[in-house]
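What follows is one structure encoded as structure tokens, with my remarks underneath.
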Amino acid sequence: MSIAKTYLPKEAEEKWYSYWLQHNFFRSVPDEREPYTIVIPPPNVTGVLHMGHMLNNTIQDVLIRRARMLGKNACWVPGTDHASIATEAKVVAMLKERGINKKDLSREEFLSYAWEWKEKYGGIILEQLKKLGASCDWERTRFTMDDDMSEAVTDVFIRLYKKGWIYRGVRMVNWDPQGKTAVSDEEVIRKEVNQKLYYIRYALSQEDGLSESGGKDHLIIATTRPETIMADAAICINPNDERYIHLHGKKVFIPLINREIPVILDDYVTMDFGTGCLKVTPAHDLNDYELGQRHHLPVIDILNDDGTLNENAQILVGEDRFAARKKIAVLLEEAGALEKTEDYTSQVGFSERTNAAIEPKLSMQWFCKMQEMAKPALDYVLNGDVKLIPDKFINTYRHWMENVRDWNISRQLWWGQRIPAYYLPNGEYVIAKTIEEALEEAKAITQNPDITAKDLRQEDDVVDTWFSSWLWPISVFDGVKNPDNAEINYYYPTNDLVTAPEILFFWVARMLMAGHELRGQAPFKNVYLTGIVRDKQGRKMSKSLGNSPDPLELIDKYGADGVRVGMLLCSPAGNDLMFDESYCEQGRNFFNKVWNAFKLVKGWEVNDKLSNPNAIAIEWFESRFNQALTEIEENFAQYRLSEALMATYKLVWDDFCAWYLEMIKPAYQQPIDKETYNRTITLFENILKVLHPFMPFITEELWHDELFGERTESDCCIVAQLPLNGQVNTQLINEIGVIQQIIANIRNVRNSKQISPKESLPLAVKATSGIDYIKYEPIIKQLGNIDSFTHTQEQVEGAVNFIGGTDNFYITLNIAVDKEAEQKRLEKERDYLTGFLKSVNAKLNNERFMANAKPEIIENELKKRTDAEVKLKIVEDNLSGLAD
RNA sequence: GGGAGUUUAGCUCAGCUGGUUCAGAGCAUCUGCCUUACAAGCAGAGGGUCACUGGUUCGAACCCAGUAACUCCCA
């Protein structure tokens with residue numbers, strides 16, 4: 001069987017992915033092996049695959065594949081998240097396109113549309129992940145609104161309610177007027193916005209003849225929200241503000257509506273911001289709300305849920321808040337109440353989901369107490385039971401957990417798990433899993449046996465999506481409803497969680513809370529936090545900027561293996577990565593290199609009669625391989641995936657292809673001996689194993705080549721066991737290091753003298769180092785194209801020389817040596833060595849150094865000294881030889 | 001305003017407990033090569049005041065203090 005000139009990723013990818021599926025290699029069921037578990041951060045059903053997913057899932061797949069090859073029972077649970085706000089918005093938009101208004105639908109009707117939408121689009125990302133090679137156990141695919149997952153959510157709600165950790169209350173919430181729902185603090189994105197600061201004149205009440213005493217009949221406030229003046233409950237000034245002493249105890253009129261409000265004193269007010277007079281609008285600003293509470297001010301809510309002004313506003317009723325802002329500015333101007341406007345930039349919150357400007361709004365919501373749950377969740381991280389990688393996130397995490405506020409868990413939406421609260425006609429409510437249970441309880445608390453299900457009304461709100469996804473690592477194994485089942489006992493706690501730092505609080509912290517509360521154990525041991533994928537200019541990749549490549553096109557262009565390698569090459573843990581397609585190109589070049597190396601080996605003819613001349617090369621590479629294995633292992637242990645990949649890359653490209661294969665490569669059209677051939681095939685197989693987690697497809701493709709002999713159906717690279725660490729001959733590695741130096745020097749001489757690599761050269765060595773060059777002669781000859789290699793005690797006249805290790809080498813050329821240039825070069829080297837020696841001696845002659853430095857460091861300095869002395873002598877000898 | 005982080009070659013990053021030939025890698029660049037696995041390649045080379053200023057130390061990219069720039073989080 002011959003092998004194609006280049007590797008064709010697409011064919012191999014399709015072929016092997018379905019082969020793996022057919023043979024159930026991704027499947028995991030509990031057995032006696034050690035489990036290794038990852039639950040996928042479930043992507044939103046609304047999403048399409050973006051570069052963040054590519055990175056995140058490449059990392060997870062590398063970890064999972066490696067664990068599988070280490071003999072663990074690797075289980076990667078996939079699934080999707082229902083993403084209540086985002087999905088509901090999509091469905092509403094879809095309905096709108098079809099000419100259907102959500103308001104005209106019943107809850108049930110709307111939900112059936114939503115499910116229809118989910119069935120159609122909800123699995124797209126998972127399908128796309130398959131193209132990347134993701135080895136998830138697809139039989140375990142879960143959705144956060146699967147019946148049993150939802151039941152778990154209800155159970156947990158009831159459990160926490162019974163503990164007194166869930167309560168209902170009026171709070172200032174972040175209101176999304178477009179989604180018409182409250183959103184949590186974490187779902188509000190603050191952005192700098194260019195606004196105007198309106199300076200508005202409020203007339204003072206004249207009842208006590210103030211205009212004479214104060215000389216003024218008005219005060220001026222500065223606000224960015226003039227449309228909320230109708231909701232003002234007071235004007236607040238700082239009691240220490242000397243400019244306004246005359247206002248103490250006075251009252252003012254709100255312009256346009258002429259409602260009278262008091263002037264109150266509170267040192268909350270910053271004197272040097274605006275005019276120092278603050279309008280207090282308790283219904284529409286969190287700080288004002290708290291101020292209002294302190295001063296017992298009325299709460300006047302002038303906004304409807306959709307952001308339009310209501311009757312309480314008296315004017316501009318029905319206008320949208322932003323339209324109202326423009327109009328009221330005109331009205332104020334006309335009324336002579338607008339002093340001036342100024343440009344002003346400030347932070348405004350926007351809904352993460354709908355991008356609508358968030359409106360602080362008072363409303364009745366359900367809350368989950370955080371205090372008790374935050375403590376153990378923080379402790380897991382602080383005492384190291386759960387490791388954050390990189391650990392710089394511990395500080396942020398701690399800060400958040402120590403300042404956590406109660407979690408608003410209700411959402412005024414339909415898509416999600418409906419809150420299991422049932423209201424009685426008298427306004428009381430009961431919490432129950434079903435309406436039947438609710439009815440029982442209602443009868444009990446009201447002492448009224450005649451209550452029927454019809455008298456009960458279930459809460460309209462659903463719970464926040466995170467209230468279901470915080471159960472994810474437990475509920476995917478049915479561990480909420482059946483806390484002692486075999487699966488959860490086997491797979492929980494999971495090993496690694498790979499996610500973005502942005503959702504450290506949203507999700508990771510809450511999973512820790514739920515894990516502790518429900519199982520007394522953190523849900524995972526390590527949290528690997530990936531960076532944000534940015535473009536070359538450092539901008540976050542986004543649809544609106546259009547700066548994100550289409551992942552599937554990338555896979556098409558560079559192969560899944562190329563893209564995987566490309567992603568990892570530029571992804572240090574926790575740091576953002578500046579993605580550039582050239583990384584994928586590098587990945588593609590890499591697998592191409594592997595392919596070509598394979599072609600070389602495959603092309604060899606074996607002659608049984610030949611003896612093995614390559615024992616040293618083989619032993620050297622085996623040692624290097626074992627050394628690299630350790631290095632790779634250490635990198636993985638520290639989650640330095642890009643470095644593990646780089647170590648693999650260099651092992652394959654440099655050590656194996658550039659050195660080993662060149663060392664053993666038979667001359668053109670010459671056969672190779674059997675032993676070298678067989679050993680090389682084994683080495684190649686080991687290389688495929690090490691490469692597999694990074695490049696699953698090409699390695700599987702090559703694995704099945706007949707070069708490796710017959711394979712049984714289930715003998716696949718994906719389930720092969722990684723090679724064990726073997727012996728490392730350090731002396732051999734060091735000596736080959738010197739040999740490599742010598743060869744580089746020979747090539748350099750050729751290059752600088754413009755001698756063709758085809759022209760063989762004579763090499764002589766004057767050795768004192770004790771390296772047995774005879775042993776390495778075949779390698780030097782083969783790689784340096786040397787025809788004779790002689791040992792000498794004398795300097796070789798008229799030859800070019802160089803130092804390899806601490807020995808002096810000569811190449812006699814049949815062209816004259818440029819003595820002057822040679823002298824200059826040697827002088828330069830002499831000066832360098834002299835300087836170097838001086839600095840080493842300075843250390844060694846320093847009493848404090850000798851007294852304080854560790855023995856091995858002193859030993860090292862001594863070695864540096866002897867080496868430098870030897871080299872200096874060589875250089876000086878060569879110099880005097882040149883002078884003769 | 002508060003907190004955290006970053007700053008090392010043209011780019012992206014390593015650099016562990018301060019001590020290995022006066023700081024390493026990959027990519028990019030330059031030079032020479034279509035050398036029979038690979039031009040998606042081979043061989044070689046150049047490239048750094050470790051942000052800045054002080055301090056500690058026999059010794060600092062690394063520890064300490066300050067400054068600057070950038071990024072993120074919270075208000």
Side-chain angles (χ1 to χ4, degrees), chain A residues 3 5-7 185-186 190 270 286-287 347 390 392-400 403 501-502 504-505 531-532 534 536 538 558 562 569-572 574-580 582-583 585-604 634-635 638 640 642-643 645-647 649-650 653-654 657-658 661-662 665 667-669 743-752 754-759 783 785 803 806 832-833 835-840 842-854 856-861 863-865 867-868 871:
Chain A
I3 184 159
K5 185 150 194 318
T6 46
Y7 169 61
D185 293 341
E186 292 76 27
R190 279 165 210 288
T270 318
L286 181 58
N287 296 313
Q347 297 270 320
K392 67 176 178 186
F393 287 107
I394 294 175
N395 280 339
T396 336
Y397 181 77
R398 174 169 53 203
H399 185 258
W400 193 78
N403 296 286
E502 304 142 71
L504 186 57
F505 313 132
I532 296 167
R534 295 173 183 279
K536 236 181 152 179
Y558 301 104
L569 278 175
C570 59
S571 63
N575 285 340
D576 289 356
L577 50 118
M578 309 299 157
F579 179 80
D580 187 85
S582 65
Y583 289 111
E585 202 180 322
Q586 199 182 338
R588 181 199 60 185
N589 294 352
F590 184 38
F591 70 58
N592 190 45
K593 185 74 188 175
V594 175
W595 186 260
N596 280 308
F598 190 82
K599 262 170 66 185
L600 173 70
V601 175
K602 196 170 160 63
W604 284 338
E634 283 167 2
N635 283 326
Q638 294 171 77
R640 298 175 172 201
S642 57
E643 284 184 60
L645 171 60
M646 191 42 75
Y649 180 95
K650 285 195 266 192
W653 198 307
D654 298 343
C657 295
L661 290 179
E662 294 297 336
K665 189 166 150 183
Y668 181 52
Q669 286 192 330
I743 289 161
N745 271 307
I746 297 169
R747 288 169 174 170
N748 216 341
V749 168
R750 273 185 211 282
N751 244 351
S752 60
Q754 302 194 325
I755 301 163
S756 155
K758 287 178 188 161
E759 188 184 330
L783 295 188
N785 192 11
I803 296 173
T806 51
Y832 161 74
L833 283 168
F836 176 73
L837 202 52
K838 208 172 141 192
S839 79
V840 174
K843 277 191 202 176
L844 289 169
N845 294 334
N846 184 325
E847 277 174 37
R848 318 240 329 232
F849 173 78
M850 298 305 280
N852 294 325
K854 285 182 228 159
E856 59 268 28
I857 284 155
I858 294 176
E859 208 172 303
N860 214 342
E861 293 299 317
K863 184 173 181 333
K864 275 156 78 175
R865 175 159 72 183
D867 284 359
K871 284 187 186 177

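Labels below follow one simple rule: chain letters A, B, ... track the order of the sequence lines, proteins then strands, and each chain is numbered from 1.
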Can you identify which nucleotide, out of [options], has its nearest atom closest to the [X] side chain?
X: A:E662; options: B:C38, B:U20, B:A43; answer: B:C38
X: A:E643; options: B:U35, B:G19, B:A14; answer: B:A14
X: A:K854; options: B:G44, B:C38, B:U17; answer: B:U17
X: A:K871; options: B:G44, B:C38, B:U21; answer: B:U21
X: A:F836; options: B:G15, B:U21, B:U17; answer: B:U21
X: A:K665; options: B:A37, B:A39, B:G19; answer: B:A37
X: A:Y583; options: B:C22, B:C38, B:U12; answer: B:U12
X: A:W653; options: B:C42, B:C22, B:A37; answer: B:C42
X: A:D654; options: B:G26, B:G19, B:A40; answer: B:G26
X: A:M578; options: B:A37, B:C13, B:U21; answer: B:C13

Self-check item: Base-paired stems that RNA chain B participates in, counting runs of 3 or more Watson-Crick or G-U pairs under 3.5 Å
Solution: B:1-7 with B:68-74, B:10-13 with B:24-27, B:29-33 with B:41-45, B:51-55 with B:63-67

Is any side-chain N or O of [X] closer than 4.0 Å to OP1 or OP2 of [N]?
X: A:N748; N: B:A45; result: yes
X: A:R865; N: B:U20; result: no
X: A:Y668; N: B:U35; result: no
X: A:N589; N: B:G41; result: yes
X: A:R588; N: B:A40; result: no
X: A:W400; N: B:A75; result: no

Quiz item: Of A:N592, A:L600, A:V594, which meets side chain to side chain contact (heavy atoms under 4.5 Å, CB included) against A:N596?
Solution: A:N592

Exercise. Kindly indicate whether the side chain of A:Q586 and the base of B:A28 share any N or O donor-acceptor pair separated by less than 3.5 Å?
Key: no

Quiz item: Do A:K593 side-chain and B:C38 base share a donor-acceptor contact under 3.5 Å?
Solution: yes

d([atom1], [X]; [atom2], [N]) in whole Å:
X: A:N745; N: B:A45; atom1: CG; atom2: P; value: 8 Å
X: A:K392; N: B:C72; atom1: NZ; atom2: C1'; value: 9 Å
X: A:K863; N: B:U20; atom1: NZ; atom2: C1'; value: 9 Å
X: A:K5; N: B:C38; atom1: NZ; atom2: P; value: 6 Å
X: A:R534; N: B:C72; atom1: CZ; atom2: P; value: 6 Å
X: A:R750; N: B:U35; atom1: CZ; atom2: P; value: 16 Å
X: A:I743; N: B:G44; atom1: CD1; atom2: C1'; value: 14 Å
X: A:N395; N: B:C72; atom1: CG; atom2: C1'; value: 14 Å

Exercise. With RNA chain B as reference, determine whether A:M646 or A:T6 sits nearer its 5' end, using the nearest nucleotide of each.
Key: A:M646

Quiz item: Taking for each residue the nucleotide of RNA chain B bearing the nearest heavy atom, is the 5' side occupied by A:Q754 or by A:F590?
Solution: A:Q754

Self-check item: Minimum heavy-atom distance between A:A853 and A:I858, given as atom pair plus value
Solution: O-CD1, 3.8 Å

Quiz item: Taking all atoms of both residues into account, what is the closest heavy-atom pair of A:Y558 and A:F591, and its distance?
Solution: O-CE2, 3.2 Å

Exercise. Only one of A:K863, A:R865, A:K871 passes side-chain hydrogen bond (donor to acceptor under 3.5 Å, both in side chains) with A:D867; say which it is.
Key: A:K863

Quiz item: So with a 6.0 Å cut-off around CD of A:E847, is the heavy-atom count from everything else above 12?
Solution: no

Exercise. Would you indicate whether A:E859, at its atom CD, is surrounded by more than 12 heavy atoms from other residues, nucleotides or ligands within a distance under 6.0 Å?
Key: no

Quiz item: Touch check for A:A851, heavy atoms < 4.0 angstrom, all strands: base, sugar-phosphate only, or nothing?
Solution: nothing

Quiz item: Is A:N860 touching bases, backbone alone, or none of the nucleic acid, heavy atoms closer than 4.0 Å?
Solution: base

Quiz item: Taking the same atom, C1', in B:A39 and in B:G47, what whole-Å distance lies between them?
Solution: 24 Å

Exercise. Taking atom P in both B:A60 and B:C50, compute the distance separating them and give it to the nearest angstrom.
Key: 13 Å

Quiz item: When rounded to the nearest 0.5 angstrom, what distance separates SG in A:C570 from CD in A:Q586?
Solution: 9.5 Å

Quiz prompt | CD1-CG distance between A:I743 and A:N785, expressed to the nearest 0.5 angstrom | solution = 11.5 Å

Quiz item: What is the ring orientation for A:F579 with A:Y583, classed by angle as parallel under 30°, tilted 30 to 60°, or perpendicular over 60°?
Solution: tilted

